[in-house]
J.: 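Next up is a structure, given as structure tokens.
Only this structure's heavy atoms are used, side chains among them; waters, hydrogens and symmetry mates stay out.
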Amino acid sequence: MDRKAQWVRDASVTAVDLVVTAALLTGAALLHARWLAAVGVLWALLTLRQGYLAARVRGRRAWAPYGTRHRPRR
């Protein structure tokens, strides 16, 4: 998979996660359900982590196309 296609896939998955997070938190606010709010917050934290990791990998590819700056071992 090329870089742009992988970035688009990561961005779309993160966007879907943000929609799910918004739906969970809205449902928790409307239903006054603490457990649903807890699930929403956990989902939000995982979404932020996923977005951070995707951005970090994308930035790393700019200077190291093969994933590492070190020479391979023999």
J.: Give a yes or no on whether the backbone of A23 and the side-chain of T26 come within a donor-acceptor separation of less than 3.5 Å.
T.: no

J.: If you group Ile, Leu, Val, Met, Phe, Trp and Tyr by side-chain heavy-atom gaps below 4.5 Å, do V20 and L36 land in one group?
T.: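 Looking at the clustering, L36 is in the same group as V20.
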
J.: Locate the shortest heavy-atom distance separating D17 from Q50; write the atom from each residue and the value.
T.: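 Looking at all heavy atoms of both residues, the shortest contact is OD2-OE1, 2.8 Å.
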
J.: Can you give me the closest heavy-atom contact between A37 and A28, atom names plus distance?
T.: N-CB, 3.4 Å

J.: Is it true that V13 and V19 fall in one hydrophobic cluster, defined by side-chain heavy atoms closer than 4.5 Å?
T.: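 No, it is not one cluster - the side chains of V13 and V19 are not joined through contacts under 4.5 Å.
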
J.: What distance do L46 atom CG and T14 atom OG1 have between them, rounded to the nearest 0.5 Å?
T.: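 OG1 of T14 is found 11.5 Å from CG of L46.
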
J.: Could you list the residues that satisfy side chain to side chain contact (heavy atoms under 4.5 Å, CB included) with L25, not counting sequence neighbours?
T.: T21, V41

J.: Should W43 and L31 be counted in the same cluster of Ile, Leu, Val, Met, Phe, Trp and Tyr side chains packed under 4.5 Å apart?
T.: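 Same cluster.
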
